Amino acid sequence: MPVRLFNTYSRQTEVFIPLDPAGKSVKMYTCGPTVYNHAHIGNFRAYVFEDLLQRHLEARGYAVERVMNLTDVDDKTIRGARTAGRRLADFTQVYKDAFFQDIDTLRIKRASHFPAATEPRYIERMIAMITQLEEQGIAYQADDKSVYFRLAKFPAYGALAHLNLDELRPSGRVNSDEYEKENIGDFALWKAWDEADGDVRWDSPWGAGRPGWHIECSAMATAILGPEMDIHCGGVDNIFPHHEAEIAQSESCTGKKFVRHWLHCAHLMVDGQKMSKSLGNFHTLRDLLAKGFTGREIRYALLTVNYRLPLNFTLAGLDAARAALGRIDEWIVRLREHAGDAAPAAAPLAAHAEKFFASLDEDLNISAALSHLFDLIRESNAALDRAELSPAQAAALLADWQRIDGVLAFQRESAAIPAEVLALVEKRQQARTDKDWKASDQLRDEIAALGWIVKDTKDGPKLSPR
RNA sequence: GGCGGAGUAGCCAAGUGGGAAGGCCGAGGUCUGCAAAACCUCUACGAGUGGGUUCGACUCCCACCUCCGCCUCCA
């Protein structure tokens with residue numbers, strides 16, 4: 001079954017066909033963080049979605065080469081560094097490090113490349129691209145010494161967002177005093193240095209300055225992936241103007257169709273409202289970890305709604321995520337115990353796993369996919385209860401789970417049981433043999449206090465992390 | 001004003017022109033010393049509102065209401 005993805009450009013769900021003539025490799029560019037702050041869970045929703053996309057494509061046999069850029073020079077990073085009284089590179093390094101920690105916490109696969117805008121080879125490429133655009137008469141230097149993209153030279157600008165530029169309403173974000181530009185929509189390719197930039201400056205044919213945000217992505221994307229790529233992702237708010245600008249710049253330079261499939265992730269809401277610091281509903285990953293939630297629980301909560309729908313993020317949703325994961329955990333433990341060392345043999349419930357992947361083929365329909373997973377869990381648990389599942393079949397279901405979890409990355413990490421806990425369990429078993437229920441219950445509480453749940457089963461006590 | 005997305009149970013949410021998935025929470029039951037887990041049963045006669053098309057609409061069409069996003073450097 002082919003993978004079908006919704007393309008923002010066409011507003012249609014399209015069969016995904018990679019550029020690679022062999023149909024094997026996939027080139028994917030994903031807009032990464034601007035490292036001026038800790039990323040918030042809205043940012044991470046997009047990264048988790050991109051991770052799901054990558055993993056599903058890999059599950060379907062594609063080799064994904066993924067680029068995620070780091071924007072480490074722009075207005076916000078400069079302002080942040082200035083406020084902090086630090087050099088830009090030192091300031092952004094803190095948030096780069098934090099970002100990598102955070103994506104590990106959320107089990108987001110590392111991209112193949114994490115280019116940073118300030119790396120000399122990319123700055124050089126940005127300058128080369130702007131130079132070319134200038135030679136083509138597409139870029140021009142204005143009186144303020146900055147270099148702008150001449151929108152009149154790229155009529156397709158606005159096609160991705162389906163905006164008619166003639167009908168744009170002037171908003172507060174447009175400074176109408178920017179008389180230096182020929183056209184109010186012309187965007188900056190190179191920003192001339194000014195005092196507020198401090199020592200953030202690169203030499204260029206147009207004087208000292210720094211690159212505009214849009215050209216950073218065009219340069220990094222085409223430098224690594226070439227002039228054409230299969231997939232470009234980002235948040236919906238990047239569609240206009242950022243991705244429009246990327247198209248305009250890249251295609252003007254290369255003469256080739258920049259991106260085949262544009263995928264955009266909808267916004268995340270918190271408690272039904274836009275997340276904002278003033279509303280007090282602003283969450284970073286760190287905040288949530290401090291509240292006792294784990295990375296995989298947050299991953300689950302961010303993943304369970306289709307990426308094109310707004311996601312309402314709540315603490316209750318995290319509780320539901322925890323419970324659902326617990327159900328998966330228990331199921332795996334049961335299967336493992338039952339399977340033992342048995343070699344996998346065809347299981348009667350294999351269709352569920354296939355439906356799981358088939359659902360993801362349909363523009364990553366994760367809700368439907370998870371429903372098939374839970375059907376599988378319920379039915380195989382029932383089969384185990386009825387002793388109708390052989391160890392070999394349990395082993396086969398575990399193998400299916402491994403494939404599924406290759407996409408979901410939900411599996412609990414196995415923790416070694418401390419000797420202290422084992423000793424308490426031992427003591428408790430003695431108490432139970434003596435029918436000293438009071439001591440038994442107290443020992444259970446002590447074990448729980450150490451972070452472990454003990455369950456009495458027919459086969460003796462079982463421990464699981466809390 | 002332009003463009004776009006969304007309204008399905010207490011919460012999250014799927015698919016579908018003809019029986020309304022799945023998860024969480026809740027109730028009852030089986031099992032258990034008690035729990036926990038698992039399993040079983042129950043939990044929307046109704047899909048924002050009002051019309052229309054149809055033998056039949058949650059699904060298609062129209063209008064309206066509400067929420068959200070973008071409209072020139074926010075994922």
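In the text below, chain A, chain B and the rest are named by the order of the sequence lines, each starting its count at 1. Since the model is a prediction, treat every value here as computed from it, not as a measurement. Heavy-atom basis, side chains included; hydrogens, waters and symmetry copies ignored.
For a distance-only test at 3.5 Å, the side chain of A:Arg11 fails to qualify as a donor-acceptor partner of the base of B:rC3. Judged by distance alone with a 3.5 Å cut-off, no donor-acceptor contact links the side chain of A:Ser371 to the base of B:rG15. For B:rA37, its base never sits under 3.5 Å from the side chain of A:Arg334 at any donor and acceptor pair. Side-chain atoms of A:Asp319 and base atoms of B:rC25 include no donor and acceptor less than 3.5 Å apart.
Projected onto RNA chain B by closest heavy-atom contact, A:Pro33 and A:Phe187 fall at different nucleotides, the more 5' of which corresponds to A:Phe187. Ranked by how close their nearest RNA chain B nucleotide is to the 5' end, A:Ile377 and A:Gly317 are led by A:Gly317.
With rounding to whole Å, A:Leu311 atom CG is found 14 Å from B:rG7 atom P. Rounded to whole Å, the distance from CG on A:Leu151 to P on B:rU72 is 13 Å. For the pair A:Leu303 CG and B:rA13 C1', the interatomic distance rounds to 14 Å; values are reported in whole Å. Atom P of nucleotide B:rG23 and atom NE2 of A:His372 are separated by 12 Å, given to the nearest angstrom. The distance between atom CD of A:Glu379 and atom C1' of B:rA21, rounded to the nearest whole Å, is 12 Å.
The A:Phe374 side chain lies nearest to B:rG23 when the options are B:rC25, B:rA38, B:rG23. With B:rA13, B:rC34, B:rC25 as the choices, the nucleotide that has an atom nearest any side-chain atom of A:Asp441 turns out to be B:rC34. Listed candidates were B:rA38, B:rG33, B:rG15. Nearest to the side chain of A:Asn365 is B:rG15. With distances taken from any side-chain atom of A:Tyr157 to the nucleotides B:rU72, B:rG22, B:rA35, the minimum falls on B:rU72.
Comparing the same atom, P, in B:rA57 and in B:rU49 gives a spacing of 16 Å after rounding to whole Å. For the P atom pair drawn from B:rG48 and B:rU8, the interatomic distance equals 7 Å after rounding to whole Å. Taking atom P on both B:rA38 and B:rA6, the two are 34 Å apart, rounded to the nearest angstrom. B:rG15 and B:rC55 have their P atoms separated by 29 Å, given to the nearest Å. Spacing of P atoms, B:rG5 relative to B:rA14, comes out at 16 Å, to the nearest Å. Straight-line distance between the P atoms of B:rA21 and B:rA47: roughly 16 Å, to the nearest whole Å. Comparing the C1' positions of B:rA13 and B:rG7 gives a spacing of 13 Å, expressed to the nearest Å. Using P as the reference atom, B:rC68 and B:rG52 are 32 Å apart when rounded to the nearest Å.
Summarising the geometry, atom CG belonging to A:Asp400 is positioned 12.5 Å from atom CG belonging to A:Asp405; distances are rounded to the nearest 0.5 Å.
In this structure B:rA44 sits in no base pair that meets the Watson-Crick or G-U test at under 3.5 Å. Nucleotide B:rG10 has B:rC24 as its partner under the Watson-Crick or G-U criteria, with both atom distances under 3.5 Å.
The side chain of A:Arg378 places no N or O atom within less than 4.0 Å of a non-bridging phosphate oxygen (OP1 or OP2) of B:rC39. Proximity of A:Lys462 to the phosphate of B:rA36: no side-chain N or O atom is located under 4.0 Å from OP1 or OP2. At the phosphate of B:rC39, OP1 or OP2 sits under 4.0 Å from a side-chain N or O atom of A:Arg327.
Note: A:Tyr140 and A:Phe149 fail the aromatic proximity criterion, with ring centroids not under 6.0 Å apart. With ring centers used as reference points, A:Phe356 lies 6.0 Å or more from A:His372. Ring centroids of A:Phe44 and A:Tyr47 are separated by less than 6.0 Å, placing the two rings close together.
Between A:Val73 and the options A:Tyr36, A:Trp213, A:Trp202, a side chain to side chain contact (heavy atoms under 4.5 Å, CB included) holds for only A:Trp202.
Figure legend: cation-pi geometry between A:Arg308 and A:Phe6, with NZ or CZ positioned under 6.0 Å from the six-membered ring centre and within 45° of its axis.
Between A:Trp262 and A:His243, the two ring planes are tilted [angle within 30° to 60°].
The aromatic ring of A:Trp437 stacks onto the base of B:rG33, its centre lying under 5.5 Å from the centre of the six-membered base ring with the two planes under 30° apart.
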